[in-house]
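The model shown is predicted, which means the values in this text are computed figures rather than measured ones. Hydrogens, waters and symmetry mates play no part in the numbers below; they use all other heavy atoms, side chains included.
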Amino acid sequence: MDFAIIGGGFTGLAAAAWLRSLAPEKSVAVLEAARIGAGASGRTGGMVLAESAAGDLPGLGDVLHSFAEILRKLGVDCDLSLPGAWEIGRRGKSENSPIEWKDSGTLRVVNEVPGGTLDPGKLVAGLARAAHQRGAAVIENALVERVEWSKGAELYVPNGFVRADKILFATNGLSLSLSSLEGRAEPRLTLAAATEPLRDEQLQAIGLSQGKPFYTVDFPYLWGRTCFGKSIVWGAGLVAAPDSQHLEQIDVATNEPARMFASLEQRVRNLHPALAEIRFIHRWGGPILFRENWQPVFSRHPASAHAIVLGAYAGHGVALSVHLGVWAAEALLGRRELPDWGGIEIV
Ligand SMILES: Cc1cc2nc3c(=O)[nH]c(=O)nc-3n(C[C@H](O)[C@H](O)[C@H](O)COP(=O)(O)OP(=O)(O)OC[C@H]3O[C@@H](n4cnc5c(N)ncnc54)[C@H](O)[C@@H]3O)c2cc1C
């Protein structure tokens with residue numbers, strides 16, 4: 001095997017599709033522990049944001065433009081819409097704000113930035129299809145338990161092992177010891193909840209009829225977006241990882257997550273009279289990974305120069321994961337250098 005990619009989310013699938021586009025003679029496999037999109041990519045809010053969580057970075061390029069171009073080249077249709085995104089806050093200049101919500105003060109639109117929304121299910125499925133159609137093997141239920149580095153790289157899955165010349169670790173907030181990110185980045189579970197579909201008058205009354213996603217620039221934090229079926233996905237709150245660091249062990253229906261959902265839902269109902277009776281019909285959590293400086297990890301693996309670790313987008317990874325996944329593919333082929341800002345300290 002020429003290239004093994006661990007993790008079937010946006011990062012790993014985009015990298016696999018791109019590798020086979022550029023080098024159809026090379027063998028590529030995506031090893032996914034559970035199902036495609038089982039991590040953050042199948043649970044994301046789907047707000048499409050520019051730059052990174054730490055802002056622009058040297059050499060990062062125009063993430064939104066690149067993202068749209070990659071999707072076009074890979075033939076992925078995911079209802080991408082880029083009307084802009086609203087920064088909302090309790091302070092700061094805000095003239096003619098469509099949003100006027102009560103939430104520890106009055107929340108109004110204080111800035112508009114490039115961005116928009118997409119259908120995350122269509123994105124993850126479209127990337128998987130693009131990888132598969134180009135000849136990458138996409139293998140589900142293939143948890144990589146360990147990697148032996150002595151003779152090249154051997155990736156051990158429950159039924160055997162795969163030998164690969166080069167590896168991309170695209171495991172995000174899971175399997176941190178495997179990717180070498182344990183102690184170098186903080187995993188969290190982030191929570192989101194979706195309402196029943198709203199009527200047009202309700203969307204109009206609360207200022208969300210333009211379909212622009214929003215996130216607060218001050219605290220308490222709140223983000224959200226309208227979906228194509230007119231429901232709204234709202235998010236706030238991070239649950240710390242258990243001592244084991246395994247986010248999979250958290251049950252979102254109990255304890256702290258359950259209390260956080262109750263508080264988020266009450267907060268939303270209090271934002272505006274048009275939301276007072278709103279029902280929530282889905283609740284879920286997903287992994288996100290933060291570095292201290294909120295810059296993504298994009299680095300050689302400490303165990304081998306033939307392996308790259310990419311992730312830790314700090315909840316800002318929808319467009320960025322695809323943009324950097326493609327960059328990682330080019331780096332694995334030796335056609336591009338890694339950026340200076342993605343390095344992890346050897347501890
Ligand atoms: C609730 C939520 C809302 C979000 N909202 C937004 C948003 O609106 N906008 C935005 O820009 N970002 C958002 N994010 C962040 C964004 O979704 C992520 O940054 C992005 O999906 C990361 O993609 P990824 O492929 O790197 O990781 P993931 O999608 O997490 O994929 C990692 C994959 O690796 C697999 N894996 C892990 N360990 C192993 C192993 N040992 N062997 C094999 N496979 C393994 C996992 O099963 C998983 O499928 C949100 C995240 C969450 C959780």
Side-chain angles (χ1 to χ4, degrees), residues 42-51 64 67-68 71 77-123 190-237 260-286 315-316 318-319:
R43 299 158 190 264
T44 181
M47 289 193 289
V48 183
L49 303 168
E51 303 181 339
L64 288 184
F67 178 60
L71 296 186
D77 177 6
C78 55
D79 299 336
L80 176 65
S81 161
L82 295 173
W86 283 330
E87 294 186 338
I88 60 176
R90 289 115 184 139
R91 288 179 296 280
K93 207 162 101 300
S94 61
E95 282 158 21
N96 305 321
S97 169
I99 285 178
E100 187 97 12
W101 298 339
K102 296 285 167 236
D103 185 52
S104 310
T106 304
L107 272 174
R108 297 191 177 90
V109 176
V110 294
N111 193 22
E112 181 163 340
V113 295
T117 56
L118 52 66
D119 181 329
K122 287 189 179 176
L123 177 58
T190 189
L191 304 181
T195 69
E196 62 191 343
L198 272 71
R199 295 187 310 279
D200 287 338
E201 317 83 81
Q202 284 174 297
L203 288 173
Q204 196 85 40
I206 62 174
L208 292 184
S209 55
Q210 297 178 44
K212 293 180 185 171
F214 53 87
Y215 55 87
T216 50
V217 287
D218 49 25
F219 293 102
Y221 191 60
L222 184 69
W223 59 266
R225 62 160 297 188
T226 45
C227 297
F228 299 95
K230 298 187 184 167
S231 67
I232 305 180
V233 174
W234 303 85
M260 287 166 82
F261 278 124
S263 141
L264 170 64
E265 291 168 23
Q266 200 47 50
R267 236 178 115 190
V268 171
R269 291 193 188 97
N270 290 339
L271 289 176
H272 191 282
L275 293 171
E277 305 289 324
I278 197 77
R279 276 190 329 124
F280 283 82
I281 55 173
H282 295 299
R283 299 166 186 85
W284 67 93
H316 192 112
V318 168

Using every non-hydrogen atom in the two residues, find where [X] and [Y] come nearest and quote the distance to one decimal.
X    : Y    : value
F280 : T195 : CE2-CG2, 3.7 Å
G89  : V217 : CA-CG2, 4.3 Å
P197 : G229 : CB-O, 3.4 Å
L264 : A236 : CD1-CB, 3.9 Å
P213 : R225 : CB-CB, 4.1 Å
A50  : H316 : O-NE2, 2.7 Å

Does the side chain to side chain contact (heavy atoms under 4.5 Å, CB included) test come out yes or no for L123 and F67, once each step is laid out? CA-CA 11 Å; L123 177 58; F67 178 60; 4.1 Å; yes

Roughly how far, to the nearest 0.5 Å, is [atom2] of [Y] from [atom1] of [X]?
X    : Y    : atom1 : atom2 : answer
L80  : T117 : CG    : OG1   : 7.5 Å
L118 : K122 : CG    : NZ    : 10.5 Å
T226 : K212 : OG1   : NZ    : 11.0 Å
D218 : L107 : CG    : CG    : 7.0 Å
R283 : M260 : CZ    : CE    : 14.5 Å
T106 : I99  : OG1   : CD1   : 12.5 Å

Output yes when a side-chain donor or acceptor of [X] lies under 3.5 Å from a complementary backbone atom of [Y], and no otherwise.
X    : Y    : result
E87  : V110 : no
R90  : T216 : no
R43  : G285 : yes
N270 : H272 : no
S97  : V109 : yes

Decide yes or no for [X] and [Y]: does some side-chain heavy atom of the first lie under 4.5 Å from some side-chain heavy atom of the second?
X    : Y    : value
H282 : V233 : no
Q210 : P98  : yes
I232 : L208 : yes
I206 : L275 : yes
L71  : C78  : yes

Can you spot which of W101, W86, W223 makes a ring pair (Phe, Tyr, Trp, His ring centres under 6.0 Å) with F214?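 That would be W101; it is the only one of W101, W86, W223 passing the ring pair (Phe, Tyr, Trp, His ring centres under 6.0 Å) with F214.
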
